Amino acid sequence: MNFIHKRKRLFLALGILFCFAAIIVTITGVAPTSFIGRGVSYVVVPMQRGASSATGWVSGRFYILARSAEILAENQALVEDNIRLSNENARMFALYDENIRLRTLVAMRERYPLLPLLGARMIGQNPNDWQSRFYINVGENDGVLPYMIVLGDGGVLGVIHETGPNYALVVSIMDNDFAAAARNARTEDLGTARGDLDLRNDGLMRMRHIVYTARFMPGDDITTSDHGMVFPQGLRIGTVESIHPSPEGLTQYAIIRPSVSLDRVDMVLVVTQLFGDAIDIEE
C-alpha cells in the first residue's frame with residue numbers, strides 16, 4: 001500500500017492514459033500500434049466485444065418480444081377472420097338449402113295444379129320406427145285436419161292422423177295402418193296399397209286384392225283411386241317391383257316401391273281438402 005501511495009501520481013497518470021487509449025479504440029475501432037495501445041487493446045477489445053454481444057442479445061430479445069406481440073395480434077386477427085368466414089359459409093349453405101327446399105315445393109305444387117296445398121316441414125320422427133310416422137310443423141291453426149293427404153317429392157307420402165295447434169302427426173305409406181285404394185295406371189286394375197311390416201325395412205309396400213286375371217308388369221305405375229273416398233284419383237304411389245299369386249290362389253298381390261323415399265324427406269305438401277266426391281288429377 002505504501003508503494004502505491006507513494007507513486008499514486010504515476011498510477012493516476014497511467015490510469016488516465018489507459019482510459020484515453022480505451023476511448024480511442026472504442027471510437028475509431030483501430031487499436032494504437034504502441035506498446036501501451038496494444039496493452040489497452042488486449043483489455044478493452046474483449047470488453048468491447050462482450051458489451052456489443054450483450055447489447056445485441058438484449059436488442060434481439062426486445063425485438064422478439066415486440067414481434068411476438070405483433071404475431072399474436074396477427075394470429076388473433078386470422079382467428080377472427082376464420083370465424084367470420086365460417087359463419088358466412090354457414091349462412092350461405094343455409095340459404096342454399098332453403099332455396100333448394102323452396103324450389104322443390106314449387107316443383108311439387110306445379111304437379112298438382114288442381115289441389116289446394118300447404119307447405120310444411122318434417123320436425124320429428126319416432127327413432128325406433130322412423131319410417132312409420134312423423135311430425136310436421138303445421139296443424140289446426142293452419143286448417144289441417146285428420147285424413148288430409150300428405151305429398152312428398154314424387155307422390156303420396158301419407159295421411160294426417162292427429163293434429164295439434166301447430167303440429168300434425170302423419171301416418172306414412174310404410175305404416176301397417178296405412179291403406180289407400182289404388183290402381184294400375186296402365187291396366188286400370190284396382191287393388192289396395194298397404195304398408196307391410198315385413199317389407200318396410202327394404203323400402204317396399206304391398207298392393208293386395210288384385211284380380212287374378214290382371215296383367216301387372218314390373219315398372220307399372222300405381223296411383224291412387226277415388227274408390228276409397230279418401231284419395232282423389234291419380235296421385236302417384238309407386239311402381240311395381242314384382243307380382244305374385246296370393247296363398248288362396250284367387251287373387252294376386254304386387255310388391256310396390258314407393259315413389260317417395262322417407263329417408264330423403266324434408267319438405268312436404270299437405271292437401272288441405274277432404275275428398276268425399278270423386279276428382280281426377282292424373283299427372
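Quick note: numbers below take in every heavy atom, side chains included, and nothing from hydrogens, waters or symmetry partners. Treat the numbers as computed from the prediction; the structure is a model and nothing was measured.
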Residues which pass side chain to side chain donor-acceptor pair (under 3.5 Å) with D220, listed by chain and number, not counting sequence neighbours:
N184, R186
Short question: side chain of N137, backbone of I123 - any donor-acceptor pair under 3.5 Å?
no
Please name all residues satisfying ring pair (Phe, Tyr, Trp, His ring centres under 6.0 Å) with F216, sequence neighbours left out, ordered by chain then number.
none
Considering residues at least two apart in sequence or located in another chain, which fulfil the side chain to side chain donor-acceptor pair (under 3.5 Å) criterion with D221?
R236
Criterion side chain to side chain contact (heavy atoms under 4.5 Å, CB included) against L145, the qualifying member of L274, T272, T163:
L274
Suppose we screen for side chain to side chain donor-acceptor pair (under 3.5 Å). Which residues come up paired with N166, at least two apart in sequence or across chains?
none
Do T213 and D189 have side chains that approach each other closer than 4.5 Å (heavy atoms only, starting at C-beta)?
no
Using every non-hydrogen atom in the two residues, find where G203 and P258 come nearest and quote the distance to one decimal.
O-CD, 3.2 Å
Any residue meeting side-chain contact (heavy atoms from CB on, under 4.5 Å) with D202, in chain and number order, not counting sequence neighbours
L204
All salt bridge (Lys or Arg N to Asp or Glu O under 4.0 Å) counterparts of R200, not counting sequence neighbours:
D129
Gap separating the CG atom of L269 from the OH atom of Y112, nearest 0.5 angstrom
8.5 Å
Could you state whether V159 and M122 fall into the same hydrophobic cluster, counting links through intermediate Ile, Leu, Val, Met, Phe, Trp or Tyr residues with side-chain heavy atoms under 4.5 angstrom apart?
yes
May I ask you to list the residues sharing a hydrophobic cluster with V79, side-chain cutoff 4.5 Å, ordered by chain and number?
I83
With sequence neighbours left out, the residues meeting salt bridge (Lys or Arg N to Asp or Glu O under 4.0 Å) with R208 are D196
Are M217 and I237 grouped together when hydrophobic residues (ILVMFWY) are joined by side-chain heavy atoms under 4.5 angstrom apart?
no
Starting at CD1 of I222, measure out to CE of M205 and round the result to the nearest 0.5 Å.
10.0 Å
If you group Ile, Leu, Val, Met, Phe, Trp and Tyr by side-chain heavy-atom gaps below 4.5 Å, do L262 and L199 land in one group?
no
Under a 4.5 Å side-chain heavy-atom rule over Ile, Leu, Val, Met, Phe, Trp and Tyr, are Y135 and M148 clustered together?
no
Distance-only criterion, 3.5 Å: show the donor-acceptor pairs between side-chain atoms of residues 246-257 and protein atoms not counting sequence neighbours.
unit_1 : atom_1 : unit_2 : atom_2 : d
S246   : OG     : T251   : O      : 3.2
S246   : OG     : T251   : OG1    : 2.8
E248   : OE2    : T251   : OG1    : 2.9
Q252   : NE2    : V211   : O      : 2.9
Q252   : NE2    : Y212   : O      : 3.0
Q252   : NE2    : A214   : O      : 3.0
R257   : NE     : E241   : OE2    : 3.2

Contacts of type side chain to side chain donor-acceptor pair (under 3.5 Å), residue H227, not counting sequence neighbours:
S225
Could you pull out every donor-acceptor pair under 3.5 Å between side chains of residues 167-182 and any protein atom, sequence neighbours left out?
unit_1 : atom_1 : unit_2 : atom_2 : d
S172   : OG     : Q131   : O      : 2.5
S172   : OG     : S132   : O      : 3.0
S172   : OG     : M174   : N      : 3.1
D175   : OD1    : D177   : N      : 2.7
D175   : OD2    : S132   : OG     : 2.1
D175   : OD2    : R133   : NE     : 3.1
N176   : OD1    : L197   : N      : 3.0
D177   : OD2    : R133   : NH2    : 2.8

Looking at T224, L115, L117, V271, which hits side chain to side chain contact (heavy atoms under 4.5 Å, CB included) with I149?
V271
Which residues satisfy the side-chain contact (heavy atoms from CB on, under 4.5 Å) test with V138, sequence neighbours excluded?
L118, A120, I136, D142, V144, V270
